[in-house]
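Letters A, B, ... mirror the listed sequences (proteins, then strands); counts begin at 1.
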Amino acid sequence: MLSVSVDSVFVHKMWNDHELSKMVDGGIPFHMVSDAAGNVGKIYGVYNESLGVEMRGRFIIDPDGIIQAMEVLTPPVGRRLAETIRQIKAFQHVRATQGKEATPAGWEPGQLTLTPGPGLVGRVWEVWQPNQER
Amino acid sequence: MSKESSCAKPTGMVLGDASQQNDSTHPETNLPETEVIMSARVGDKAPDFQAPSYHQGEFTEVKLSDNFGKWILLCFYPGDFTYV
């Protein structure tokens with residue numbers, strides 16, 4: 001886990017020490033990156049030039065360094081961590097099966113996966129229905 | 001949304017509000033003043049970077065590719081001490 005904003009490392013320290021450590025025991029365990037000029041945000045497409053800040057961009061990167069998922073929100077709406085964790089678990093499952101299995105919408109660990117192939121074409125409805133998404 | 005309560009510091013505005021967008025095209029070239037060089041795409045290698053960081057009481061540096069081999073969650077946000 002890496003977090004990035006345009007704040008300096010000094011402000012990161014103050015935020016951690018005076019607020020975040022009161023929400024998380026022991027303070028923030030990961031690196032809080034300072035991207036003062038927005039250079040990292042620019043290559044990830046989340047830096048807003050006119051505001052001088054970064055949008056709520058979230059990238060899931062696999063062990064090969066490949067970006068598997070991205071989500072970008074404007075500032076007023078917060079994220080849902082549970083959905084990010086669900087996606088990471090789903091990508092980890094797909095990776096563990098070397099891509100032989102795929103996870104349907106809303107998939108949670110332990111639920112049915114799909115094995116793409118000619119036999120499944122037009123027959124997904126037999127094994128998966130929208131009400132299985134929770 | 002008032003400036004005082006915005007989560008998009010320091011100027012504060014609702015993104016997409018056309019009345020508040022500034023037109024930053026260059027007067028001579030008619031091209032954007034600033035070149036956006038987004039290169040991150042799903043399915044492609046994550047662009048590497050090295051940057052200063054604060055980590056567990058220390059001021060240090062972090063390099064994205066030093067973490068390859070593990071799953072990485074890279075999260076950007078508007079600013080420390082903002083509300084959301």
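Of all heavy-atom pairs spanning D80(B) and S5(A), the tightest one is OD1-OG, 3.8 Å. When all heavy atoms of A40(B) and F59(A) are compared, the closest pair comes out as CB-CE2, 4.4 Å. Contact detail for C75(B) and M1(A): the closest heavy-atom pair is CB-CE, 3.8 Å. Taking all atoms of both residues into account, the shortest heavy-atom contact from A46(B) to I61(A) is CB-CD1, 3.7 Å. When all heavy atoms of M70(A) and M38(B) are compared, the closest pair comes out as SD-CE, 4.4 Å.
The most heavy-atom pairs under 4.5 Å with chain A, out of S39(B), P47(B), G43(B), come from P47(B). No other option in S3(A), G65(A), G41(A), A69(A) has as many heavy-atom pairs under 4.5 Å with chain B as G65(A). Taking chain B as the reference chain and counting heavy-atom pairs below 4.5 Å, the highest number among D35(A), D62(A), V33(A), I43(A) is found for I43(A). In terms of non-hydrogen atom pairs under 4.5 Å with chain A, the most contact-rich of F59(B), F49(B), W71(B) is W71(B). Of the listed residues (M32(A), E71(A), R58(A)), the greatest number of heavy-atom pairs within a distance under 4.5 Å of chain B belongs to M32(A).
Linking ILVMFWY side-chain heavy atoms closer than 4.5 Å, directly or via other members, places L81(A) and I72(B) in two distinct hydrophobic clusters. One hydrophobic cluster holds both M23(A) and M14(A) under the rule that ILVMFWY side chains link at heavy-atom gaps under 4.5 Å. Both F68(B) and V62(B) are members of a single hydrophobic cluster when ILVMFWY side chains are connected at heavy-atom separations under 4.5 Å.
For E19(A), the part lying under 4.5 angstrom from a heavy atom of chain B is the side chain only. For F30(A), the part lying under 4.5 angstrom from a heavy atom of chain B is the backbone only. With a 4.5 angstrom heavy-atom cutoff, D64(A) touches chain B only via backbone atoms. Looking at N39(A), there are no atoms closer than 4.5 Å to chain B (heavy atoms on both sides), in backbone or side chain. For chain B, no part of V72(A) is nearby; none of its heavy atoms comes within less than 4.5 Å. Both the backbone and the side chain of Q92(A) come within contact range of chain B, judged by heavy atoms closer than 4.5 Å.
Ring geometry, F81(B) versus W15(A): the interplanar angle falls from 30° to 60°, so the pair is classed tilted.
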- side-chain contact (heavy atoms from CB on, under 4.5 Å) between V40(A) and F76(B), worked out: CA-CA 10 Å; V40(A) 179; F76(B) 297 83; 3.8 Å; yes
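When side chains are defined from C-beta on, I60(A) counts as touching L73(B), because their heavy atoms get closer than 4.5 Å. In this structure, V11(A) and Y54(B) have side chains that are not in contact, with every pair of non-hydrogen atoms separated by 4.5 Å or more.
H55(B) places a side-chain N or O within 3.5 Å of a backbone atom of P29(A) that can act as its donor or acceptor partner.
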